[in-house]
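In what follows, a structure is listed as structure tokens, so that the remarks can point back to it.
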Amino acid sequence: MTDFFNSGLSAEQFLQDYWQQKPLLFRQAFKRFQSPISADELAGFACEEDVESRLIRFQPPHSWSLQQGPFDEDDFSALPDNDWTLLVQDMDKHMPALAEILDYFDFVPDWRLDDLMVSFAVKGGSVGPHTDSYDVFLLQAMGHREWSISAEAMPDVDCLAGSDLKVIADFEVGERWILEPGDMLYLPPHYAHHGIALDDCMTFSVGFRSPDELEIMDAMLEEMYQRDGVNQHYVDASRPLSQQRFAMSEHDITAIKAFFQARLDSQSELFSSAVCRLLTRPKAVLEVHAQNWLTEEGQATSEQQLRRNPYLRVLWHIVKDEVQLYIAGEAYHLPQQAQEQLASVLAMSVIEFDQYQHICRSAEGSASMEILIQAGLFAWK
């Protein structure tokens, strides 16, 4: 690509003018695109335990049914020729070839990426008009799909009663397009959208997550509970005389709010630690995969490689004079001098044995590799 998904925009322009603001259709964002995965391969993943998958059937004109995986061959052989969709989550982690697609979305930090979901649909397949609370890029990987979207964001919608799916009851179309392989549609949060397969088609959904306020508060409280001496009581020395015994005055509400805000401001390191732990915790369904991946661990030899565990999340944050490294919700500490080496290593998915030896020549590199292997982010394969 010569520019931002062949749009004529730069990444900076996209972030400034479209990101979380308004939709954008990219024609031939990926020219001559061919899907790295077939429909049969996707169905194979949907048959595996601990792989999150769903099968959605559309019964015209206004009814959808949901079935959760794992599935078996009989489930698929019993399906009709039309009006169903198979969706499989976290395919970037289950299939390395798909993970490479996410490299094109590095204009936002890795912690904002959630997963690459792959859906396969036969003619008429649809999950119904709905909204999402996250940003998503919808890349057409195979076949053709018609997308209809709302004219504006719809944070509050009325959904069909009696359905397992949150299908919008009265969907009003603002714009409509037909996407072919290589085309891509960006949607900010809460824009209603409805995709209908025009033939056998496959769509890659690159979803972006962000923590909500309850998740952040829960993470902060958990971090506080784990640290001794952090909790402090509200104090109100020199308070004014109470005029009503059972009344809560605006003065008190304002003072308690100020106390809480001051405590939050004074605990910036605790807050950053809580948020970083939260953002690197793997989904429960992926924890089993992360552990199973590690059970095949080998020994360091010149014939092996260090490979990155695709099921674990990692980020680092500079606090004062050290690097705070977070892997799968756990914190590790390195000297600030390790920052450059660490950034280089984390950009790799495979480290050859001679590269490993070169990294370990420095104290910072050796310390970094020790932590990354100990935490299970890299293993000899």
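Remember, it's a predicted structure, so these values are computed and weren't measured experimentally.
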When you measure from the side chain of [X] to the backbone N and O of [Y], does any donor-acceptor pair fall under 3.5 Å?
X      : Y      : value
Ser366 : Ser362 : no
Arg277 : Gly329 : yes
Arg112 : Arg209 : yes
Gln13  : Ser10  : yes

Taking ILVMFWY side chains as joined if any heavy atoms are under 4.5 angstrom apart, and letting links pass through other members, which residues group with [X]?
X      : value
Met217 : Leu214
Leu241 : none
Val235 : none

Minimum-distance pair of heavy atoms, taken over all atoms of [X] and [Y]:
X      : Y      : answer
Ile168 : Leu160 : O-CG, 4.4 Å
Asp3   : Gly8   : OD2-N, 2.8 Å
Glu41  : Met95  : OE1-CE, 4.4 Å
Met117 : Leu87  : CE-CD2, 3.6 Å
Trp64  : Val127 : NE1-C, 3.7 Å
Met184 : Phe105 : SD-CZ, 3.9 Å

Atom [atom1] of [X] and atom [atom2] of [Y]: how far apart are they, to the nearest 0.5 Å?
X      : Y      : atom1 : atom2 : answer
Lys381 : Arg308 : NZ    : CZ    : 14.5 Å
Gln20  : Leu187 : CD    : CG    : 12.5 Å
His251 : Ile253 : NE2   : CD1   : 11.5 Å

Heavy atoms of other groups near [X] [atom1], more than 12 under 6.0 Å:
X      : atom1 : result
Glu172 : CD    : no
Asp170 : CG    : no
Glu340 : CD    : no
Glu49  : CD    : no
Gln67  : CD    : yes
Tyr134 : OH    : no
Gln16  : CD    : no
Asp81  : CG    : no

* To do: Would you please name every residue forming a salt bridge (Lys or Arg N to Asp or Glu O under 4.0 Å) with Arg57, sequence neighbours left out?
  => none
* Got a sec, which residues hit salt bridge (Lys or Arg N to Asp or Glu O under 4.0 Å) with Asp200, two or more places apart in sequence or on another chain? -> none
Student check: side-chain heavy atoms of [X] and [Y] closer than 4.5 Å:
X      : Y      : result
Val122 : Asp83  : no
Leu138 : Phe204 : no
Leu372 : Leu342 : yes
Met202 : Val118 : yes
Thr85  : Phe120 : no
Val167 : Cys159 : no
Phe378 : Val345 : yes

* Taking the six-membered ring for Trp and the single ring otherwise, decide whether the centroids of Phe5 and Phe14 are under 6.0 Å apart. =>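 No; Phe14 has its ring centre 6.0 Å or more from that of Phe5.
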* side-chain hydrogen bond (donor to acceptor under 3.5 Å, both in side chains) contacts in which one or both residues fall within residues 141-158, not counting sequence neighbours ->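 Applying side-chain hydrogen bond (donor to acceptor under 3.5 Å, both in side chains) to every pair that reaches into residues 141-158, excluding sequence neighbours, yields His144-Asp199, Arg145-Thr203, Ser148-Arg176.
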* To do: Would you mind listing every side-chain hydrogen bond (donor to acceptor under 3.5 Å, both in side chains) that reaches into residues 179-197, with sequence neighbours excluded?
  => Arg27-Asp183, Gln28-Asp183, Ser126-His194, His130-His193, Asp132-His193, Asp135-Tyr186
* Asked: Is Lys283 salt-bridged to Asp114, cutoff N-O under 4.0 Å?
  ->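 Looking at Lys283 and Asp114, the cut-off is met.
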* Pair Arg227 + Glu269: basic N to acidic O under 4.0 Å ->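 Here Arg227 pairs with Glu269 in a salt bridge, since their nearest N and O are under 4.0 Å apart.
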* Asked: So among Val206, Leu102, Leu113, which one has a side chain to side chain contact (heavy atoms under 4.5 Å, CB included) with Asp92?
  ->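 Single pass found, and it is Leu102.
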* To do: Can you run down the salt bridge (Lys or Arg N to Asp or Glu O under 4.0 Å) pairs that involve residues 239-265, sequence neighbours left out, and say none if there aren't any?
  => Asp236-Arg239, Arg239-Asp252
* **Partners passing ring pair (Phe, Tyr, Trp, His ring centres under 6.0 Å) against His94 (at least two apart in sequence or in another chain)** => His289, Tyr311
May I ask you to check whether [X] and [Y] show a side-chain donor-acceptor distance below 3.5 Å?
X      : Y      : result
Gln89  : Asp115 : yes
Glu352 : Gln305 : yes
Ser273 : Glu223 : yes

* Asked: Taking only residues at least two apart or on different chains, which pairs with a member in residues 324-346 satisfy ring-ring contact (aromatic ring centres under 6.0 Å, His included)?
  -> none
* To do: Give every residue pair that meets the ring-ring contact (aromatic ring centres under 6.0 Å, His included) criterion with at least one member in residues 208-249, sequence neighbours excluded.
  => Trp19-Phe208, Phe137-Phe208, Tyr234-Phe259
* With a distance cut-off below 6.0 Å to the six-membered ring centre and an angular limit of 45° from the axis, does Lys93 pair with Trp293 as a cation-pi contact? -> no
* Can you get from Leu25 to Val136 by hopping between Ile, Leu, Val, Met, Phe, Trp and Tyr side chains that sit under 4.5 Å apart? ->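 Yes, one cluster joins them.
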* Can you get from Leu286 to Leu294 by hopping between Ile, Leu, Val, Met, Phe, Trp and Tyr side chains that sit under 4.5 Å apart? ->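 The answer is yes; both residues are in one hydrophobic cluster.
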* Partner set under side chain to side chain contact (heavy atoms under 4.5 Å, CB included) for Ala11, not counting sequence neighbours -> Phe4, Phe107
* Glu330, Glu222, Glu287 screened by salt bridge (charged side-chain N to carboxylate O under 4.0 Å, His left out) with Arg281, the one that passes -> Glu222
